[in-house]
Amino acid sequence: MTDVQKMLSEAFSRAIRESLGEEFAAVDPVIRASTDPAHGDWQANFAMSLAKRIGKPPRVVAETVLSALRLDGIAASTEIAGPGFVNIRLDDALLARLLSELSADPRCGVATADKHDVVAIDYSAPNVAKEMHVGHIRSTIIGDAITRILEFLGHTVLRRNHLGDWGTQFGMLIEHVRDLGWNPAEDHEISDLTSLYKQAKARFDAEPEFAERARNRVVALQAGDTETVAFWKQLIEESKKHFGRIYQQLGVKLTDDDYFGESYYNDMLAPVAEELMASGVAVKSEGALCVFPPGFKGRDGEPVPLIVKKTDGGYGYDATDLAALRHRIKDLDSTRLVYVVGAPQKQHFDMIFAASRLAGWLTDGIVAEHVPFGSILGEDGKMFKTRSGDTISLNVLIDEALKRAYDIVAAKSPNLSEEDKQKVARAIGIGAIKYVDLCNDRIKDYVFSWERMLAFEGNTAPYLQNAYVRICGIFRKAAEAGVVWEGSAVQLSAPEERALVMEMLKFSDVLGQVSRSLEPHRLCTYIYGLASMFHSFYEKCPVMTAPSDQLKRSRLVLCQQVARVLQLGLSLLGIETVEQM
RNA sequence: GCGUUCGUAGCUCAGCUGGAUAGAGCGACGGACUUCGAAUCCGUAGGUCGGGGGUUCGACUCCCUCCGGACGCACCA
């Protein structure tokens, strides 16, 4: 698929070399999309930076290069403006041809990545015997979007759901369910995971006898005691059922095959500790085996360690993360490691990465990235909680989203069948939750507001879904009228049409940016811009009542392509589209 | 104390990794439906981009320094 920026870049590079000499062969022509249509479609901004080097005014430099520039069939015009910008207006015939190519391309012009990566992505990471709550939603949704995008670009993506399935809390949990009369051989339904955990915790704090049993139970679990392990496995299975339902409701791609919990790495911990000790990367300090990556200082000015092995001989999450990283590189041959974990853990991951470099695991060809994100805040600007101060469970959140979306649909489209209302409510409600989480720069906190996220105005899921619905409406009309338009010649008559085509040509580039920065909001901003441009087109350019049959068919081709990009873009964010709403 | 991060219109946020007069939505004001879904569109008002330095032809963007908020800094994850 033809890339306009690349075509322009090559043409300008050649012109620069021919007009200014071979020593300028490596100069970047600085081709950028124009922000203002008055400045053309694209602009070349090389002249200002070259002026000093050449010793001539930038406008003269630009003129010299233009004299050697050949853009036949690409640009309709070029002009020098301002201090030395070269404004380029693309040839309408080129745009028309490119639109035809896009509409014939199943990938909407999106190229697969030049360099193929094996990406191990760590996200969601709920805790066994704890209900999923708003603290997990961002990792789950952002991770899912990143996964979809990287896969679409042709990378191999290994989902690693780092389930919290190990640790001292299992002592009290197992002891508690045992007291409740559980039998490890039977199925149990944990209807309320939160209360189970709370009860166990309360007893642990209040009953010394229970606490003692819980501690012994931890030892039994670690020793592999058969009955204890059976209870433990049962807790995990029941929890997975709960998580699975949430994932299914959210339409997230995580499955039972993606769980690689903390316990998965248990057998690797001792060898990792030994390797680090043998290589001298880890040293004994205050009884614990530690790695001190350079550059991390604590409150007292002393170096901060990663604790590979605790004084009591146990292993904590530093050890688990080190082992997991090593495993993903050495055993899974990952070339890119992605951790979608909240911003407070930034230093932890920086230290893990630094230590892994010291250990020689994380080498130059391999990229490890922490993908941090901010918190969800309530309208009061504080952490998003219920009135009583509890965290909000995802079950409750999802139910409310579905209910609110249903009410909106029922009010606005009473003519839809009950089944369709449900379906649309699901798309809108879940879409709204996801989109609000993805549409802003993830590093920032955001304020949760049902009204804003479910609004049909502005940068929201419903607005985008509605743009798609409107296009579907046009195609229903076209079908009724029996118009045959597939493969029709494209004819661009209005600025709104040109704008849409040029925007759709940028889709591939945007996805490339997202795959590099792992910032899904860039895709959101793009889709929103496209939807917004479509609405402008929709007002200005009638399709079914276009001035000519040829133009009508051309606009149908254009609409179809917009619909495809919207649909594909939203699906890469994990958001559904519907044909009516 | 050290470190990380954020500060852009009254509110909620973009700003394409250094390019032209900083853009949207909400809210305010004013327009546009017998016509593809007005669930929308068009226009007006509103900003010393937290303050101050520096680098550069050119800075919201990079560097330094203050101010303000959030978060993190040894055996919990």
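Proteins come first, then strands; the chains are lettered A, B, ... in the order of their sequence lines, and each starts at number 1.
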Minimum-distance nucleotide to A/Gln347 side chain [options: B/A38, B/U4, B/G72]: B/G72

Indicate, with a heavy-atom threshold strictly under 4.0 Å, whether A/Asp509 touches base, sugar-phosphate, or nothing. nothing

Considering only heavy side-chain atoms of A/Met48, the closest of B/A77, B/C57, B/U40 is B/C57

Whether the side chain of A/Ser517 engages the backbone of A/Glu519 through a donor-acceptor N/O pair (distance < 3.5 Å, no angle test) should be reported. yes

Output yes when at least one side-chain N/O atom of A/Lys540 is less than 4.0 Å from OP1 or OP2 of B/C42, else no. no

Are the side chain of A/Asp165 and the backbone of A/Ser263 linked by a donor-acceptor contact shorter than 3.5 Å? yes

With sugar-phosphate meaning primed atoms plus P, OP1 and OP2, does A/Gly167 contact a base, only sugar-phosphate, or nothing at under 4.0 Å between heavy atoms? nothing

Using a 4.0 Å heavy-atom cut-off across all strands, classify A/Val469 as base, sugar-phosphate, or nothing. base

Where the side chain of A/His535 is concerned, which of B/C41, B/G19, B/C75 is the nearest nucleotide? B/C41

Whether A/His521 contacts B/G15 is assessed here as follows: a side-chain N or O lying under 4.0 Å from the phosphate OP1 or OP2. Is that the case? yes

5′-ward residue of the pair A/Ala33/A/Gly316 relative to RNA chain B: A/Ala33

Record whether the side chain of A/Gln43 comes under 3.5 Å of the base of B/A20 through a donor-acceptor pair of N or O atoms. yes

Using the C1' atom as the reference point in each nucleotide, state the distance between B/C71 and B/C62 in Å, no decimals. 25 Å

Tell me which nucleotide among B/A74, B/A20, B/G72 gets nearest to the side chain of A/Cys290. B/A74

What's the closest nucleotide to the A/Ser285 side chain, out of B/A74, B/A77, B/C36? B/A74

If you measure from the P atom in B/C73 to the same atom in B/C26, how many Å do you get, rounded? 42 Å

With a 3.5 angstrom cut-off on both distances, give the Watson-Crick or G-U wobble partner of B/A45, or none if there isn't one. none

For B/C76 and A/Tyr315 - does any side-chain N or O of the residue sit under 4.0 Å from the phosphate oxygens OP1/OP2? no

What's the gap between B/U8 and B/G46 when it is taken at their C1' atoms, as a whole Å value? 13 Å

Could you give the OH-to-P distance, from A/Tyr538 to B/C41, as a whole number of Å? 11 Å

Looking only at side-chain atoms of A/Pro344, point me to the closest of B/A38, B/G1, B/C71. B/C71

Checking base pairs now: Watson-Crick or wobble, both atom distances under 3.5 Å. What partners B/C13? B/G23

Looking only at the side chain of A/Arg522 (C-beta and beyond, no hydrogens), which of the listed nucleotides B/G15, B/A14, B/A77 gets closest? B/G15

Rounded to whole Å, CG of A/Leu454 lies from P of B/U12 at a distance of 19 Å

The side chain of A/Ile443 lies closest to which of these nucleotides: B/C6, B/A77, B/A14? B/C6

Could you check whether the side chain of A/Ser34 and the base of B/A20 have a donor-acceptor pair of N or O atoms closer than 3.5 Å, going by distance alone? no

On a whole-Å scale, what distance lies between the P atoms belonging to B/A9 and B/G23? 14 Å

Check the side chains of A/Tyr463 and A/His535 for a donor-acceptor pair under 3.5 angstrom, ignoring hydrogens and angles. yes

Geometric cation-pi criterion A/Arg217 and A/Phe170, 6.0 Å radius, 45° cone: no

Given the P atoms of B/C6 and B/C63, what is the spacing between them in whole Å? 11 Å

Please check this pair: side chain of A/Ser488 against backbone of A/Trp485, looking for a donor-acceptor N/O pair closer than 3.5 Å. yes

According to a strict under-4.0 Å criterion, is A/Lys444 in side-chain N/O contact with OP1 or OP2 of B/G7? yes

Of A/Phe475 and A/Gln513, the one whose nearest nucleotide on RNA chain B sits closer to the 5' end is A/Gln513

Do we see a donor-acceptor contact under 3.5 Å between the side chains of A/Arg564 and A/Gln567? no

What is the separation between atom CG on A/Leu500 and atom P on B/C41, rounded to the nearest whole Å? 13 Å

Any stacking of A/Phe85 on B/A20, going by centres under 5.5 angstrom and planes within less than 30 degrees? yes

Euclidean distance for P, B/U61 against B/U21 (whole angstrom): 15 Å

B/G3 -> Watson-Crick or G-U wobble partner, both distances under 3.5 Å, gives B/C71

Nearest whole angstrom, please: distance from the P of B/C13 to the OH of A/Tyr463. 20 Å

Counting heavy atoms from C-beta on, name the nucleotide in B/A14, B/C75, B/C73 closest to the side chain of A/Asp441. B/A14

P spacing across the pair B/C49 / B/G10, given as an integer number of angstrom: 13 Å

Scan A/Arg470 against the nucleic acid and name what it touches under 4.0 Å (heavy atoms): base, sugar-phosphate only, or nothing. sugar-phosphate

With distance as the sole criterion, is a donor-acceptor pair present between the side chains of A/Tyr317 and A/His348 under 3.5 Å? yes

Taking atom types as modelled, find out whether A/Gln43 and A/Asn45 have a side-chain donor-acceptor pair closer than 3.5 angstrom. yes

Separation of A/Ile307 atom CD1 from B/C73 atom P, in whole Å? 12 Å

Report the distance from atom CE of A/Met581 to atom C1' of B/A38, rounded to the nearest whole Å. 15 Å

Have a look at A/Ser449 and say if it touches a base, only the backbone sugar-phosphate, or nothing, with a 4.0 Å heavy-atom cut-off. nothing

Under 3.5 Å, is there a donor on one side chain and an acceptor on the other for A/Glu497 and A/Ser493? yes

Output the rounded distance in Å from CZ (A/Phe46) to P (B/C57). 18 Å

Checking base pairs now: Watson-Crick or wobble, both atom distances under 3.5 Å. What partners B/A32? B/U40

Could you work out the separation of B/C67 and B/C75 based on their C1' atoms and round it to a whole Å? 38 Å

Rounded off to whole Å, could you give me the CE-to-P distance for the A/Met533 and B/C16 pair? 18 Å

Syn or anti for B/C33 (syn when the glycosidic angle lies within 90° of 0): syn

Judged by whether its glycosidic angle lies within 90° of 0, B/U12 is anti

A/Asp321 and A/Tyr265: side chain donor to acceptor below 3.5 Å: no

For the side chain of A/Ser517, counting heavy atoms from C-beta on, which of B/A70, B/G19, B/U17 is nearest? B/U17

Distance-only donor-acceptor test (3.5 Å): side chain A/Ser536, base B/C41: no

